[in-house]
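A short write-up of the structure that comes next.
Throughout, a chain's letter reflects where its sequence line sits, starting with A, and its residues are numbered from 1.
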2 protein chains.
Amino acid sequence: MVNTRDRSTEEKILAAARKIFLNKGMDGARMQDIADEAGINKALLHYYFRSKDKLFEQIFLEVASSMLPRIFSIFQSDDTLFTKIEKFCDTYITQEIKTPYVPIFILNEVNRQPQAFLKKVLGNTRPPVEKLLQQIEQETKAGLIKPIDPLQLLLNTLSLCIFPFLASPMIQLLTGMEAKNFRALMEERKKLVPQLIIESIKN
Amino acid sequence: MVNTRDRSTEEKILAAARKIFLNKGMDGARMQDIADEAGINKALLHYYFRSKDKLFEQIFLEVASSMLPRIFSIFQSDDTLFTKIEKFCDTYITQEIKTPYVPIFILNEVNRQPQAFLKKVLGNTRPPVEKLLQQIEQETKAGLIKPIDPLQLLLNTLSLCIFPFLASPMIQLLTGMEAKNFRALMEERKKLVPQLIIESIKN
DNA sequence: ATAAGATTTAACCAATTGGTTAACAAAGTT
DNA sequence: AACTTTGTTAACCAATTGGTTAAATCTTAT
C-alpha cells in the first residue's frame, strides 16, 4: 500500500535523479548528488530503487517515452509528407523548449550502450522510419515533390530541429545569449524550419 | 632530451587516450583503460602526464584545435557568403568523416565545464561569429540575399553539417546502415547542404 | 495502547579508481 | 667499467563511490 508520503518521497527521488542524470549523464552522476538534491539519505535511494543502474534505467525510460512515441506516431500516421514535417517540427521544438537537455542525454546513452538502447526503446518492434522513407519515395515518384534521397530529407529535418538543442549551451556561450532569447529563437524555428524544408522539395 | 623510444611511448599514450576519451568521455574513461589500450603500466601515464585532468586537457586541446581554427578562419575570411558556406560544409564534413566522434565529445565538454571550455578554445579573443553575422546582415541589406535572421542562417548551416555526425550511432542503429554507407551519405551532403542553404536565401 | 509493517537514517563495507613509491631496467656519459 | 639520467613496473595508498545493515522512527490496523 502506497500512501501520500511514500509517493512524495518516490517522486522527490525521481525528480532529483532526472535532474542529475540529465545534467551529468550516467557516468558523471553520483548517488550522493541525487540524494542531496532530493534532500534524503543515500540509503533511501537503494530502498526505493535497488541500484544506480535500475534508477537510471527508470529515468531513461521516462525521458525516452515522453518524447519518442509521439514522434514515431507522427511518422507512422496517414498525413501527407508536408503535414508530417510541419507537425514534427512543431511537436518536437515545443517539447524541447521545455526539456532542452533531453537530446544530448539520449544520444550519449546510445553511444554508451547501443544495443541496450535499441532493446529498451524499440523492444521487438521495427524502427519506425521505414514507412516514412517509403512515403517519401512514393511522393517523389508520383511527382508530388522533387527527387531527393529520402534519408537525406529525413536527416535534414532532424538536423534542423534537434541540433540547436544539442548545441544550446555552446550557442549561448558563444553568442552571450540569455536562455530566454534562445527560447524565442527556437519558437521562430517552428515555422522557419518547415518552410525551408518544404520549399526545398516543393514542385 | 627526447629520444625515439620516448616519443613512441608518449605517442602511444596520446593515441590510446584520444581513443578512450573520445569513446567514453572524461567521466566514463578509466586510466587503466588507457594504460591497457596503450599496452603499458598505469604508472607510466602519470610519469608522462601528471594526472587524468592534465591528460584529458591535452587530448581536448589537440582535438579542438584540429578543427576549430580552420572553421573560424573560414568564417573570418573575405570570401562571399556563398563561398564561405560551401567551404565550411566541405571542410567540416571532410574532417568529420575522418573523426566522427569529435562533435559529441566537444559538446559534452562544453556541458561539463562551460567556462573552462570558453577559456581553453578562445583564450581572450572574441567569439569568431560576429564578423560572419555582420556580413550576413550586410548582404541582406544590399539585397544580395533574401532577408533572414543571420543567427538562424548560421544555425541552419551548422545543424545540417554537424547533426548527422552527432547522431551517427543512432542513425546507423535505426537504419541498420554500415559505417561505409554512412560515409557515402555524408559525402553526398558536401554538395547537398550548400545547395539547400544557398537555394533558400538566393534572390 | 500496541503489535506489525513500512520508512528513514547513521554507520559501515567492499570494490573501484586516481595517484604514489620504491625498486629495477635501459640508455647515455664520462 | 662506473655512474647518472631516463623509462618502466609491481605493489601499495587514500579517497571516492555504489551498496548494505541494523537500529530508530513513523503509520496503521487491531
Side-chain angles (χ1 to χ4, degrees), chain A residues 1-63 105 108-109 111-113 116 120, chain B residues 1-62 105 108-109 112-113 116 120:
Chain A
M1 186 58 63
V2 179
N3 62 32
T4 47
R5 270 188 66 114
D6 294 338
R7 247 184 290 135
S8 160
T9 297
E10 192 171 328
E11 275 167 20
K12 271 191 289 181
I13 293 176
L14 285 173
R18 192 179 296 114
K19 180 175 172 182
I20 300 292
F21 279 135
L22 279 172
N23 249 306
K24 309 211 175 179
M26 170 65 175
D27 292 330
R30 299 286 152 249
M31 291 298 267
Q32 190 61 59
D33 296 340
I34 297 173
D36 292 347
E37 176 72 28
I40 55 158
N41 187 289
K42 180 167 67 92
L44 254 194
L45 295 181
H46 291 91
Y47 177 77
Y48 279 90
F49 307 87
R50 298 183 30 136
S51 66
K52 186 184 182 187
D53 278 323
K54 290 268 191 354
L55 180 55
F56 180 82
E57 178 97 353
Q58 174 137 352
I59 297 298
F60 176 78
L61 285 177
E62 279 186 31
V63 166
F105 173 77
N108 277 325
E109 183 58 11
N111 240 332
R112 212 172 59 91
Q113 296 193 317
K120 273 183 265 184
Chain B
M1 188 57 64
V2 178
N3 62 31
T4 46
R5 273 187 64 113
D6 294 338
R7 248 184 288 136
S8 159
T9 296
E10 192 170 328
E11 275 166 20
K12 270 193 289 179
I13 293 177
L14 285 173
R18 192 180 295 115
K19 179 175 173 182
I20 300 291
F21 279 135
L22 279 173
N23 250 306
K24 309 212 174 180
M26 169 66 175
D27 292 331
R30 300 284 152 253
M31 292 297 267
Q32 190 60 59
D33 295 341
I34 296 173
D36 292 347
E37 176 73 29
I40 55 158
N41 186 290
K42 181 167 66 92
L44 254 195
L45 295 181
H46 292 90
Y47 177 79
Y48 280 90
F49 307 87
R50 297 183 31 136
S51 65
K52 186 185 181 186
D53 278 321
K54 289 268 189 358
L55 180 53
F56 179 82
E57 178 97 353
Q58 173 137 353
I59 296 298
F60 176 78
L61 286 177
E62 279 186 31
F105 173 78
N108 278 325
E109 183 58 11
R112 211 172 60 91
Q113 298 193 315
K120 272 183 266 184

Practice item. Determine whether B:Leu14 and B:Phe49 make a side-chain contact, defined as any pair of heavy atoms from C-beta on separated by less than 4.5 Å. Key: yes

To the nearest Å, give me how far apart [atom1] ([X]) and [atom2] ([N]) are.
X	N	atom1	atom2	value
A:Lys12	C:dT7	NZ	P	13 Å
A:Phe49	D:dG19	CZ	P	13 Å
A:Asp53	D:dT17	CG	P	16 Å
A:Lys52	C:dA15	NZ	C1'	14 Å
A:Glu57	D:dG18	CD	P	17 Å
A:Arg50	D:dG18	CZ	P	17 Å
B:Phe56	C:dT17	CZ	C1'	17 Å

Check your understanding: Does the side chain of A:Thr9 get closer than 4.0 angstrom to OP1 or OP2 of C:dT8 through an N or O atom?
Key -> yes

Revision key, fill the gap. Across all chains, not counting sequence neighbours, the ring pair (Phe, Tyr, Trp, His ring centres under 6.0 Å) partners of A:Phe56 are A:Phe21, A:Phe105

**Study point:** Heavy atoms from other residues, nucleotides or ligands near NZ of A:Lys19 exceed 12 (cutoff 6.0 Å)
**Key:** no

Exercise for review: Please confirm whether the backbone N or O of B:Glu57 pairs with a side-chain atom of B:Lys120, one donor and one acceptor, at under 3.5 Å?
Suggested key: no

Review point. Looking only at heavy atoms, which two atoms of A:Asp27 and B:Lys24 are closest? And how far apart?
Key: OD2-O, 4.2 Å

Point to revise | DNA chain D contacts made by residues 22-47 of chain A, counting heavy atoms under 4.0 Å | key: A:Ala29, A:Arg30, A:Met31, A:Lys42, A:Ala43, A:His46

Check your understanding: Excluding sequence neighbours, so at least two apart, what forms side-chain contact (heavy atoms from CB on, under 4.5 Å) with A:Arg50?
Key -> A:Lys54

